[in-house]
Structures are given as C-alpha cells and as structure tokens.
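A, B, ... follow the sequence lines: proteins, then strands. Residue 1 opens every chain.
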Amino acid sequence: MARGASSLTKRDLVIVESPAKARTVGRFLGDKYVVKASMGHVRDLPTGALGIDVENDFAPEYVNVKDRATLIAEIKRAAKQADSVYLATDPDREGEAISWHLVEAADLGKVNNLKRVVFHEITDSAVAEAFADPRDIDMELVNAQQARRLLDRLVGFTLSPVLWKKVKAGLSAGRVQSVALRIIVDREREIEAFKPEEYWVISVDLETEAGTRTYNFNAALSAVAGQKGKPVVDNETTATAIKNDLDSASYIVSSITRREVRQRPRSPFTTSTLQQQAARSFRFSAQRTMRIAQDLYEGIELGSSDPVGLITYMRTDSVNLAQNALDEAEAFIRTAYGPEYTSGPKRYKTKSKSAQEAHEAVRPTSAENTPEKVAPFLSSEQLRLYTMIWKRTIASQMTDAIVDNTGVEIEATASNGNVHTVRATGSVIKFDGFRKLYTEIRDEDAEDEDNKQLPAMNEGDALEKKSVNADQKFTQPPPRFTEANLIRFLEEQGIGRPSTYASIVGTIERRQYVDREKTRFKPTPLGTGVSDFLTQHFSNIMDTGFTSGMESKLDSVAEGEQDWVEMLREFFGPFEKRVEDTLANADRVDHKTLVQKSDEKCEGGDNLVIRTGRYGKFLSCGRFPECRVTISTRPGARATGEVKENWEITWKTAMEKCAIVHPEAAAAVAAEAEAKRGARGKRRSANGKTAGKSKRRTKAAAK
DNA sequence: CAGTGAGCGAGCTTCCGCTTGACTT
C-alpha cells in the first residue's frame, strides 16, 4: 500500500458521517487527503442517567458514544499528522453538532487549520466548491441541536417515570412516540364511534351505434328530478322509484364536454415517499426498504468492477436533484424516448416545512445504470426497489402526460314525465409523456380512474337502455393506519426524521402499545390507557402541534434570535410543575383496564385475558389470582386455525384449575399460597436482603 | 427441571437522531 508515501507527505484530514460517502469524497479529492467517517454522533448524553444539570443552566454531561473510542483515537492521530482538518459532516442541525462534538471529543481545537465545509450533493463540483469556501462551526446551529436533544431527553426521562408510577413499570413516553401512539388511539375511537350510513349507487348501461358497430358504456346517475346538486339516494324507496323511472325512460344526449388535462409526474423520492411506495407496491416494511436501500447505496459489484453505489443517500427529506443528475436524465430521455419526452429540467419543491434538505432526493447515481443493465448483479428485492427509484427519478424529468377527458350528459325522461340526468365519463391519453415509463399504484383508499374510452356521440343522439343497476351501499369508517400511512402522517406534521421513521413503529410495538391486525395498527388496552393518561395530564406534549412549535423555536435559536438555555427554561418550568402536580394528584390507572380480553371464556364464566410473560403470550383467567387457569397456546395462532391436535385435552386440563367450578382446585390454590407465604415470611425474617437476590438468581438461571 | 408466566419487600426500567458493524448463539 501507499504507506511510505503517506508518512512522508502530510495528508489533510476530512471527516464525513458515513463510510460510503467517505469513499466517494476520497475519490474526488485524491490522495492528498485522508477521509474518515464519524459513523454518526460520537458523543451524547449518558444512557443510564438524565445527564443534565437542570439547576445549572441545563448544563449537559456528554460522554463518548460506546464503540466510538477507537474511532476518536484514530481521528486524533490523523489530525496530528495533518496540516488542515475539514469537518464535512452533513449540512444540517445534527451534522453541525456532530462536527462540534468531534472537536470536543478528539481535541481538534488545537489544530491550526480547522475548517467546516458543507455540500448538499456528492458531486465532484459541489465538493470542490465547498472546499474552496470553508467557514467556522456555527455555534448557533449547534445550540439549536443541543436544545432539541436536551428537550427530548427531559421529556422522555421525566414523563416515563410518571408512567412507571401511575400506570405500569417499564413503560416509556416521548415527544415522538407518544404522539404516534395517540394518532392510532384517536383513529380507533373514530372507528368505534362511526355510524354507517346507507346510500345507493345507481347507474345505467347504455348502447349506441356508430357505423356498423354497437358500443356499450355505463353512465352514473348525476341529477335527480326535483333535487338540486348531487343526487341524494339514502333509502330503498327512493332508489326503487328512481330505478323504475330509469327503466321506463328514453335517453337523449344533452351535452358533451371535452377538457384537456395535464398530468404531472411525481417528484423524486424522499425517505418517506420511498417507504410509502415500497409498501404499496411490494408490501415492504419501512425497515426492509431501508435495509435494501442501504445495500444499493453502499455499493454493488457490477461484473468485475469495484463496488458501485447505485443510489444516492437514502435518508433525506429533499426532492431536489443535483444539476448533473438533471443533465444526465435529460440526455438519457432524449436518446431513449425521443426529444418530445423532455422539456428541460423539472425542479420540485418540498412540501414539508420542517425539511432540512441536507441531501438530495433518493435517485440513481447514474441514469445510464438502467434496471436492465444492473439486473444480473442484484437480488430480486434489490432490483425491485432500484427499478422503482430509477423509473420515478427519470419519469420526474419527463414531459407531462396529456389526457382528453370527455363528459357526456344524458337526459333520461321517464314515462311519468320525471327527468333525471346520467353522466358518462371517459378519458383518452393523447400524449403519454412520463406515463410511457412509469405510473404507480395510487393510494389504496383513492379511486382509480382508468383509461376508459367512450364511443363517438353527438348532442341529440338517442341511446338505447340495456339495464339499470341500483346497489345498496354503506359508508365505511376511516381505515386503521398502516405503517406507510402513519409515516406519511407523521412527516406531514413534521414529527420524526428520515432516520427514525422506520424505528418509531418498532418502539410503540415493543412497548405493546399497539398490535397489528393484518398490516394495520390497533391500539392495545395498555396503549389506550397510556395515551389517555398522557393526553389528560400533558395535553401540550400530546398535541401534534408540539413538535412544529418546538421547531420554530429551534429556528430562532439557530438564527441567533433566542438563547437556547432560555428556551429550555421556558419549556421546563411549567412542564416540571405539571409533572409534580400529576405525581401528587393523579389517580393510578386501574390495572384491570389494561389487560387485553380474548374471545375465550373461562369455565367459571369470566373472560380469559391475554397476558405476556417472559416466554411470550398466554391466556389466563381474568380473576387471577383467585382462579388460576392458564393456557399457553397463543390466541392469535388459534384464531388462524393453527390449533394443536390435543387442544381439547389441553383446554380440559387447564380448566380443572378453575377455582370457581372446582372447589378442590380452589382449596389447593389456597393451600399453596399459604405455604408460599409462610416460606417467604420465614426467609425474610431470617435474612431480608438475600431474598431479593436469590429471586434474581433464579430468574437468570431460567434464561 | 418441568411445563412456567401475572410488577406491592429491591433495583431496574426511559428519550430522539445520527450512523454501521458483529465477542458468537
């Protein structure tokens, strides 16, 4: 290797956040630079304690992140051998803070030429420009990050213990997870309160002749005689009357309207839209999508070459594309599809206000790496995700599709003189534009307007009725959230970040606040209890606007308009009071309301409840400890039909312990409890302290 | 080892956001 060379010539040190980025940037800069990756934050608050001296202006106690000790030492050493050190971490709040922590942790303050450089895209020119224009660390931006970090710690480490005391030990609360939970609980309430309403969908199948052929098409009821506006048909009597009218009616085309509509391509992917679309198209979890994207980002060996990063960074909130990517896409479209499919670069704007836009959109690193070309080197899941990213990126630069929408109003004059209106719509794609390459599955809740063509008709044409359809329907409650829907909602509210979307769900599932029914979230009784408790006592934190309020304050801190310690003080003073008040006055949440009932009943007539122990879920009687029935089959598994052969026997044996039906079982239970109490009492009086220890030992041995 | 387990004796638990490996089961 170039060992001799590096010890002779001094090499400047550059620090970025990710190793893959370090490789690329290293290639651009050449061998006069050594590029290292910080691998995210290197210092943070301690894990086992608050680490904030609230009384002393919220002074934080930072410690080096475990597993980063050798890295920090390496950076220290490399800095000593360098003339200049460039801090090239991401151009956002967290990136600025990482740079500052690096200085503190690796003693970089002593370095003569310490420079902060930022670039928003990893291209040769962007990196060169950044290095030509270095600056100092922006302490106001760092302070905004510290305020964010400390506020999250204060909220999490103060609220969680309130839950331990008032609800159940080991629970957690936080600025992000608790709002996510509340959204799911609120939706469940909406569903429970929903009252379905009846409505009728009425349409007519019509026929017309054009030339030698006959054409059939469908027209929906659009106006009812004597009603204004959209038709309201909410009962069978009205529906039947209209159906009878339409059955006897004659049909004349009264007007035809044509409208040209442009369909715009969708913007390039951000983390959140990528996760949503991968969920819709492939049913990938957010976590799976991110794992695959990480592989594509880090690099794939294409044939005999060195690994090539196929996509840009996958944790981003930006829809922006680098200039060279725009140029390359335009050139590619021109040759592959023809000049009429491009009309110059299309730029998109982020909708979310909290976006920090430190990176580009998720895009292929080269338009030339078509899915066909890279297919032999990718696994099937990699290829699916890559193809979607490639197509959506290229399509985002293609021309709009032009669609001709036709609406035909048809007067239906019934034999009794009633005149209703039915309407047929059709759309014809005149120019496909981006649709030549990419159309995607829409939201499952939205109706899809497919490409229906209507036959040629003229005003005054008489049409023949084939049949009339009247279908009774009921309005549906809003659907439960899927993972993708939840992520979209959180992003819209500015809650959570690209690097955390996939794990938010994991947190509230791990705490057993929510369950999944198929792929949708349903709150557990525990989750509902926690959400209700927090909403009652800490309504400000449980509000979806809490984070956006925090963000605008952080912006003022970053602009130097507000002192970060002052900001924390303003928040924490009233919050702490609220906590003290709640601890002193709030009732403890009744444990009975927190258990999940199953569909099964105990022999004594009480509901069997689902509990979770060290070994997973099990059923037990709701009247524990009085009744000691337990069954170790999972209720979920049983519901899907995966019943053990000997279920009947298992069930019977279990029920013999029912104290309500079997008095001898009750007696045995009582005797056992008495024996235990005696033993425990004896041990306790002999040596109070070892009792607890021995219990822990058995717990460890059981594992 | 058989067939548990279930937060009231003590001490533990907990946050959000940034980023990848890996003592071996």
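Stems are defined here as 3 or more consecutive Watson-Crick or G-U wobble pairs with pairing distances under 3.5 Å; none involve DNA chain B.
A/E298 meets the salt bridge (charged side-chain N to carboxylate O under 4.0 Å, His left out) test with no other residue; sequence neighbours excluded. For the side-chain hydrogen bond (donor to acceptor under 3.5 Å, both in side chains) test, residues two or more places apart in sequence or in another chain that qualify with A/D581 are A/R578, A/N585. Taking A/N320 as the reference, nothing meets the side-chain hydrogen bond (donor to acceptor under 3.5 Å, both in side chains) condition, with sequence neighbours excluded. Looking at residues two or more places apart in sequence or on another chain, you find no ring pair (Phe, Tyr, Trp, His ring centres under 6.0 Å) involving A/F157. With sequence neighbours excluded, the residues forming a side-chain hydrogen bond (donor to acceptor under 3.5 Å, both in side chains) with A/R569 are A/D57, A/E566, listed by chain and number. Contacts of A/R116 classified as salt bridge (charged side-chain N to carboxylate O under 4.0 Å, His left out), with partners at least two apart in sequence or in another chain: A/E96. With sequence neighbours excluded, the residues forming a side-chain hydrogen bond (donor to acceptor under 3.5 Å, both in side chains) with A/S99 are A/T89, listed by chain and number.
For the P atom pair drawn from B/dG17 and B/dT13, the interatomic distance equals 22 Å after rounding to whole Å. Taking the C1' atom of each, B/dC12 and B/dC8 are spaced 16 Å apart, rounded to whole Å. Of the P atoms belonging to B/dT20 and B/dT24, the separation is 24 Å, rounded to the nearest Å. The gap from the C1' atom of B/dG7 to that of B/dG11 amounts to 12 Å, rounded to the nearest Å.
Look at CG on A/L181: it is 13 Å from P on B/dC15, rounded to the nearest Å. As a whole-Å value, the separation of A/L45 CG from B/dT14 C1' is 13 Å. Rounding to whole angstrom units, CZ of residue A/F157 and C1' of B/dC12 are separated by 13 Å. Taking atom CG of A/L150 as the reference point, atom P of B/dT14 lies 20 Å away to the nearest angstrom.
For the residue pair A/S531 and A/T528, no side-chain donor N or O sits within less than 3.5 Å of a side-chain acceptor on the partner. Side-chain contact annotation: A/Y297 with A/S18, donor-acceptor N/O pair under 3.5 Å present.
Among the heavy atoms of the strands, none lies under 4.0 Å from A/L154.
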I'd like to compare against my own output: the B/S/- annotation of nucleotides 16-25 of chain B with a strict under-4.0 Å heavy-atom distance to protein. BBBBB-----
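An aromatic stacking contact between A/W164 and the base of B/dT14 is absent, as defined here by ring centres under 5.5 Å apart and ring planes under 30° from parallel.
Remark: A/R510 is not in phosphate contact with B/dT13, judged by side-chain N or O atoms under 4.0 Å from OP1 or OP2.
Each of A/L50 and A/H591 has a nearest nucleotide on DNA chain B; the 5'-most of these lies closest to A/H591.
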